[in-house]
*Asks:* 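Before anything else, here's the structure in question.
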Amino acid sequence: MISRKNMGSASPLLLITLVLGVCFATYNLVTMVMHNRSISKPTIYYNSDGGIFVDPIIEMPESVRKLKRAKMPFHVALTATDAPYSKWQCRIMYYWYKKQKDLTGSEMGGFTRILHSGNPDNLMNEIPTVIVDPLPAGLDRGYIVLNRPWAFVQWLEKATIEEEYVLMAEPDHIFVTPLPNLAHGGYPAAFPFFYIKPDQNEKLLRKFFPEEMGPVTNIDPIGNSPVIIKKELLEKIAPTWMNVSLKMKDDPETDKTFGWVLEMYAYAVASALHGVQHILQKDFMLQPPWDLEIGKKYIIHYTYGCDYSMKGELTYGKIGEWRFDKRSFLRGPPPRNLPLPPPGVPESVVTLVKMVNEATANIPNWDAE
């Protein structure tokens with residue numbers, strides 16, 4: 001150690017060496033801190049009032065936390081085919097979009113059905129539609145959802161979208177309450193799916209998300225829908241999403257493990273490859289029959305079958321005495337005035353059937369498929 005007394009007599013060479021050493025050490029420390037920050041991202045959750053309720057690693061940037069903004073409309077976009085199964089769901093979804101769009105609290109803007117069948121269908125005059133091409137024959141290998149990222153790539157290239165944000169939605173979504181823009185600046189909003197588990201699939205995901213990109217926990221537990229995202233971000237992510245989807249489908253191990261959620265993992269990976277982190281909005285939607293109450297949720301996603309006994313008991317996995325399952329209507333729309341569930345069935349299922357019935361009662365030529 002060099003004392004103060006001797007500092008005045010230290011050689012110039014020694015002083016230069018010390019200064020360079022300190023600078024080098026400081027540079028390494030700063031670099032290490034910045035690197036660790038860049039590869040270890042927090043999981044950000046928001047509640048329905050916009051307040052953070054889980055943020056275990058770091059606090060949100062102050063500029064985002066205190067963000068008070070003007071109304072920020074988003075464009076609603078869903079991908080669809082010309083199959084009857086897809087069409088009747090799109091009609092119900094569009095009905096409820098129109099009912100909720102102009103209500104207090106809504107920031108929904110325009111609407112587009114991205115039809116990836118390559119040809120017009122009989123809903124062109126009913127629902128705003130842009131036609132895009134499907135993947136080349138055989139490329140999806142029966143997994144039609146692979147057309148979704150390719151459809152968004154084409155739509156973003158050819159469409160004029162006035163809104164700064166886009167909501168990626170699906171035909172089996174029903175807007176149960178007016179939907180605000182849940183994104184915050186450069187942070188898109190997404191729904192966290194319990195079955196998307198990057199941390200439990202690290203070996204597979206490393207084929208598409210290399211170690212130099214950071215831990216697999218940088219991959220959000222989401223799919224592409226519902227997601228509200230800035231258009232400019234989606235334009236960057238979409239081609240990567242498409243390429244990762246095709247690569248995952250080409251890998252037998254990944255294809256077998258991820259199955260029908262493969263494209264969801266592909267979107268999550270593509271976003272992480274671009275350094276995009278989503279705010280995880282648990283109130284974004286509910287999924288009957290597992291979610292029992294509507295609460296402050298915005299979207300009903302009716303992907304699961306709802307089977308009950310006449311005593312109101314769930315018989316999931318077994319066809320119930322009363323049931324509503326969208327797959328019961330693969331070849332055509334459900335009839336008007338479906339029977340309501342028996343007493344004791346949760347609010348979420350009752351609301352779903354009532355909203356389907358209201359839509360089908362008011363959509364002209366409902367049975368004309």
Side-chain angles (χ1 to χ4, degrees), residues 45 47-48 78 80 84-86 88-97 99-100 145 167-179 182 189-197 221-227 258-261 263-265 280-361:
Y45 291 89
N47 62 24
S48 59
L78 73 157
Y85 178 65
S86 177
W88 69 256
Q89 293 175 57
C90 288
R91 298 181 81 189
I92 292 174
M93 197 265 200
Y94 186 57
Y95 172 86
W96 283 105
Y97 155 80
K99 282 209 71 171
Q100 304 288 3
V145 185
L167 164 66
M168 291 188 285
E170 296 182 16
D172 61 353
H173 287 176
I174 291 178
F175 295 107
V176 69
T177 55
L179 179 61
L182 302 175
F191 178 79
F193 289 91
F194 70 90
Y195 49 78
I196 302 296
K197 301 177 179 179
I222 61 172
N224 81 288
S225 177
V227 167
F258 289 164
W260 65 275
V261 299
E263 168 268 343
M264 298 172 69
Y265 270 103
L280 304 183
Q281 282 277 6
K282 291 187 175 183
D283 285 344
F284 214 147
M285 72 179 187
L286 68 148
Q287 302 185 95
W290 309 118
D291 295 308
L292 305 181
E293 299 177 351
I294 301 298
K296 295 183 178 180
K297 307 292 196 301
Y298 298 105
I299 293 171
I300 293 178
H301 182 212
Y302 55 99
T303 190
Y304 298 107
C306 301
D307 289 275
Y308 290 87
S309 72
M310 295 311 292
K311 295 180 180 179
E313 298 167 338
L314 181 65
T315 62
Y316 194 78
K318 177 183 176 182
I319 294 178
E321 298 173 276
W322 180 94
R323 77 181 324 231
F324 176 79
D325 188 338
K326 66 178 184 177
R327 295 164 193 82
S328 300
F329 310 103
L330 292 174
R331 298 184 179 181
R336 286 174 166 158
N337 196 29
L338 291 169
L340 293 177
V345 171
E347 173 197 25
S348 61
V349 179
V350 176
T351 302
L352 166 61
V353 178
K354 286 182 176 179
M355 295 186 81
V356 168
N357 281 345
E358 178 180 331
T360 60

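What's counted below: heavy atoms across the whole structure, side chains too, no hydrogens, waters or symmetry copies. Residue numbers run from 1 in the order of the sequence given.
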*Asks:* Considering only heavy atoms from C-beta outward, does the side chain of Gln287 approach that of Phe193 to under 4.5 Å?
*Replies:* yes

*Asks:* Are Lys296 and Leu286 packed together at the side-chain level, in the sense that at least one heavy-atom pair is separated by less than 4.5 angstrom?
*Replies:*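 The answer is no, as the side chains (C-beta and beyond) never meet within the 4.5 Å cut-off.
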
*Asks:* Is the number of heavy atoms from other residues, nucleotides or ligands within 6.0 Å of CD1 (Ile319) greater than 12?
*Replies:* no

*Asks:* Nearest 0.5 Å, what's the OH-CZ distance between Tyr85 and Arg327?
*Replies:*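 The distance works out to 5.0 Å.
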
*Asks:* Checking Gln100 against Tyr298: is there a side-chain donor and acceptor pair closer than 3.5 Å?
*Replies:*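 The answer is no; no qualifying pair exists.
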
*Asks:* Give me the atom names and distance for the closest heavy-atom approach of Lys297 to Thr177.
*Replies:*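 It is O-OG1, 3.0 Å.
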
*Asks:* Which residues pass the side-chain hydrogen bond (donor to acceptor under 3.5 Å, both in side chains) test with Tyr265, sequence neighbours left out?
*Replies:* Asn201

*Asks:* Would you call the rings of Tyr304 and Trp290 parallel, tilted or perpendicular, taking 30° and 60° as the class edges?
*Replies:* perpendicular

*Asks:* First locate atom CZ of Phe191, then atom CG of Leu280, and finally report the distance between them rounded to the nearest 0.5 Å.
*Replies:* 10.0 Å

*Asks:* Quick test of your reading of the model: are Asp172 and Lys326 salt-bridged, counting only N-O distances below 4.0 Å?
*Replies:* yes

*Asks:* Roughly how far, to the nearest 0.5 Å, is the CD1 atom of Ile299 from the NE2 atom of His173?
*Replies:* 5.5 Å

*Asks:* Show the nearest heavy-atom pair for residues Gln281 and Ala189, with the distance to one decimal.
*Replies:* CG-CB, 4.1 Å

*Asks:* If you take all heavy atoms of Ile294 and Ser348, which pair is closest and at what distance?
*Replies:*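 Result for this residue pair: CD1-CA, 4.0 Å.
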
*Asks:* To the nearest 0.5 Å, how far apart are CZ in Arg323 and OH in Tyr316?
*Replies:* 10.0 Å

*Asks:* For the CD atom on Glu347, are there more than 12 heavy atoms of other groups (residues, nucleotides or ligands in this structure) within a distance under 6.0 Å?
*Replies:*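 Yes, the 6.0 Å shell around CD holds more than 12 heavy atoms from other groups.
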
